[in-house]
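These notes concern the structure reproduced below.
The chains referred to below are lettered A, B, ... by the order of the sequence lines, with proteins before strands, and numbering in each begins at 1.
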Amino acid sequence: MLDVRLFRTEPQLVTDSLLRRGIHKEQIDEIVALDAQVRELSSSRDELRSRVRALSNEVGQLFRSGDKEAAEDLQSESRALGAQEKDLDLQAEELSAKLRDALLHMPNMPSEDAPDGASEHDNVVVRTEGFDPESYAPHQRVPHWDIGTEHGILDVERGVKLSGSMFVMYRGAGAALVRALCQLALDRNADLYEEVRPPTMVRTATMVSTGHLPKFIDDAYHLERDDLWAIPTAEVPLTSLARDEILDESSLPMRFMAHTSCFRREAGSAGKDTRGLLRVHEFDKVELFAYSTESQAQQLHAEVLARAEQLIADLGLAYRVLDLCAGDIGASARRTFDIEVYAPGVERWLEVSSVSWFGDYQARRANARYRHRDGKGTGICHTVNGSALAVPRVWAALVETNRQADGSIAIPELLQPYMRGLKSIGGQLGV
RNA sequence: GGAGAGAUGGCAGAGUGGACGAUUGCAACGGUCUUGAAAACCGUCGAGGUGCAAGCCUCCGGGGGUUCGAAUCCCCCUCUCUCCGCCA
């Protein structure tokens, strides 16, 4: 969430920035007004409290010195003040809860460097690599769901039987490919990133920290009986790893990577892009994540993007990088680059990675801080994250791109060691 | 799932109704001494809110209650540990 002091001291800056993502001015004015009321009420309440405390101390002294009558007089005076204090406290609490709720729903301020725009149509293509629409042969222009069935490596029907639509089952070499992609992504980043295997189900507070709750409640799976949420991305547990902790500045940046299942209800996208692996409720992903200081954050953002991008390039996929416009950036982020791969079988660009800088927005929600190097005071961490590799769409683009004239699928060389040396699926090239 | 014990600052650990935001130790930081370091000694040392400031206020796992006054008493919840049961 944003620092409420920013609304107080720089209302114009906040307004200008949030207007870029479609927030109305009245919503901002409401926060400014609530904040003023809360502070006024709190200071009146604190003043009363202070007097009650002073009186109580006197009461104690009087009782000890044996002046019972004077003590009882002060007692009743204190009691009356206490009642007033309680009344003011109730009002202050009510308003500050309202203020906090309004702040939790308020998105982050987009970076000044993020392009203007209202929707995904305004995103800016920064670069496109390895893409030539004319270069794809007819044997590559087959959708992955057909290829998957052809080789028995993707069992959509049984996935649906088990769990419903938009759940899939990988089989044989297809399942091995899922595992290979994840392990490859982990191994390539192990030089700097500590591998973490976090829980996949988390408490409400953990979901609130990243901004997935309360605003996007409909997108998340919830286990009511135990009040646990299935994570939509490893970003959720990783952001809470240091929740309510104070890190040493010297330990920053702190880099983590995690391979987890990710669960998404996709409530707003019923019937859209639902074939095959285009959009599924459960998928594997390797996420890169870092806690940092303010000054380190943007360099890390670039680092994560470079790593995600290089992996896609090394897998031999055509891709492009998008600089998301202010209106399309996720609510918690200040700037986001998306990586999309081209899938020739479905003839579409598929988003496979979203690399975001969150400023201190998430860390403030998570109360993740660091102690300044000079030992004086604390600062709120900045967080950065991005998918190193999200399986289904990479799997789809890979299978389509690498389909040979004979129908077999060539396995990229860097994946072969992770697939027991398999060089090809379904062809004579196989071992 | 059953029984018991516990939750206090970065860590350890006192405090069981009145000057306690909290004794003390360790760690950390600054200094003296030293060629340098260690040791010793002196000092500083929790996090927030609000205010120009002095100050005031909040926080002893979370929530509620009793009281003039709660870290301390009462109730509920969460978590941790030990034993039993079950179990990959």
Looking for any heavy atom pair under 4.0 Å, which part of the strands does [X] touch: base, sugar-phosphate only, or nothing?
X       : value
A/Arg45 : nothing
A/Arg5  : sugar-phosphate
A/Ser43 : nothing

| said: Can you tell me if A/Gln299 has over 12 outside heavy atoms packed within less than 6.0 Å of its CD? | reply: yes
For atom CZ of A/Arg158, decide whether the heavy atoms of other residues, nucleotides or ligands shown that lie under 6.0 angstrom number more than 12.
-> no
Does a donor on one side chain sit under 3.5 Å from an acceptor on the other, for A/Glu294 and A/His382? no
Distance-only donor-acceptor check, side chains A/Ser354 and A/Asp338, under 3.5 Å: yes
Comparing nearest nucleotides in RNA chain B, the 5'-proximal residue of the pair A/Lys86, A/Asp46 is A/Asp46
Per nearest nucleotide of RNA chain B, the residue lying toward the 5' end, A/Asp35 or A/Arg51, is A/Asp35
To the side chain of [X], which of [options] is closest?
X        : options             : result
A/Arg203 : B/G10, B/U78, B/C57 : B/U78
A/Arg371 : B/C56, B/G69, B/A47 : B/A47
A/Phe63  : B/U58, B/G69, B/G18 : B/G18
A/Arg8   : B/U50, B/A47, B/C68 : B/U50
A/Arg79  : B/G46, B/C68, B/C56 : B/C68
A/Ser56  : B/G69, B/C57, B/A47 : B/G69
A/Arg39  : B/G69, B/U50, B/U58 : B/U50
A/Ser50  : B/A47, B/C56, B/C68 : B/C56
A/Ser78  : B/U78, B/C68, B/G49 : B/C68

Which of A/Leu288, A/Thr260, A/Thr210 passes side-chain contact (heavy atoms from CB on, under 4.5 Å) with A/Glu235? Answer is A/Thr210
Distance between the [atom1] atoms of [N] and [M], in whole angstroms?
N     : M     : atom1 : answer
B/C26 : B/G43 : P     : 14 Å
B/A70 : B/G21 : C1'   : 14 Å
B/G13 : B/G63 : P     : 25 Å
B/C20 : B/A14 : C1'   : 12 Å
B/A54 : B/U50 : P     : 15 Å
B/C83 : B/G64 : P     : 36 Å
B/G25 : B/U32 : C1'   : 23 Å

Note: A/Ala118 and A/Cys325 closest approach over all heavy atoms is N-SG, 4.0 Å
Rounded to whole Å, CD of A/Glu245 lies from C1' of B/G10 at a distance of 11 Å
